[in-house]
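A short write-up of the structure that comes next.
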Amino acid sequence: MAATVMIVEDEKKLRDFIRSYFEGEGITVLSAASGGEAITLTHSSQPDLVILDLGLPDVPGEEVLKELRRFTDIPILVLTAKTMDTDRIRGLELGADDYITKPFSPRELVLRSRAILRRTSVLGDNETRMSFGQGRLILDHARREVRADGRIVPLTPTEWGLLVALTSMPGRVYSRFELINRVRGYEFEGYERTIDSHVKNLRHKIERNARNPQIIETVLGGGYRLGLASDD
Ligand code: CA
């Protein structure tokens, strides 16, 4: 796999250890020791995956995550020493795609990273372009690109996965549990409500009015469904 991973970690020893492990797997590694460096480097080098430690000395990791999400949909895997579940969920709400709690095994980190890289690149292969609601929503699977009202909308891999699931059968109601399972490779540990945060973020990106959603409808007691009909 020709992939570039950026590691954001202030502890040099850990950073070098992760780097050597990834390089041993044939993955190119960029590294950043601070949040500021991470943001600059992501702008200039556009890695395929960012591994972000939340405990950074200059800018808190959460702020780095928010900042990165302002301009990129690069998958982000968060490293956290905090074991509180609320921290994990918060990381996901801010747009992380997965997280690993320290201490972790480098093997697990590489496996999870590979799963994310595979998911973000392989998802494009099966279908081509799908249009809904007279072109109001268009998914280009080959390019992994979404247009809402003609405008390209950058999505996180998780948001993309949710939209792919919902559009696979317009009108069908998907429970939160089903959606979790459809977003492949996602280690959820049963937090069904986390889906709600992702749906909320997604609505802000693609709906004309996120308070009155017409693309992703909530079905009381059921889950979510695509409110637009397929144009095909
Ligand atoms: Ca740290």
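Order of appearance sets the numbers: ligands from 1, and atoms from 1 within every ligand. It should be emphasised that the depicted structure is a prediction, and the values quoted were computed from it without experimental measurement.
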Q. Which residue pairs pass the side chain to side chain donor-acceptor pair (under 3.5 Å) test with at least one member in residues 213-226, sequence neighbours excluded?
A. R136-Q214, D196-Y224, R203-T218, E217-R225
Q: Looking only at non-hydrogen atoms, find the nearest pair between I51 and S113 and report the distance.
A: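 The pair with the smallest heavy-atom distance is CD1-OG, 3.8 Å.
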**Q.** Atom of D53 closest to the Ca ion (ligand 1), considering N, O or S atoms
**A.**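 D53's closest N, O or S atom to the Ca ion (ligand 1) is named OD2.
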(Q) With carbon and hydrogen excluded and only N/O/S kept, which atom of D10 is nearest the Ca ion (ligand 1)? (A)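 That would be atom OD1.
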Q) Under 3.0 Å from the Ca ion (ligand 1), is there an N/O/S atom belonging to P57? A)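 No, outside the cut-off.
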(Q) Cation-pi check for Y174 against R172: NZ or CZ below 6.0 Å from the six-membered ring centre and within 45 degrees of the axis, yes or no? (A) yes
Q: Measure the shortest side-chain to side-chain distance between L155 and L202 over non-hydrogen atoms and say whether it is less than 4.5 angstrom.
A: yes
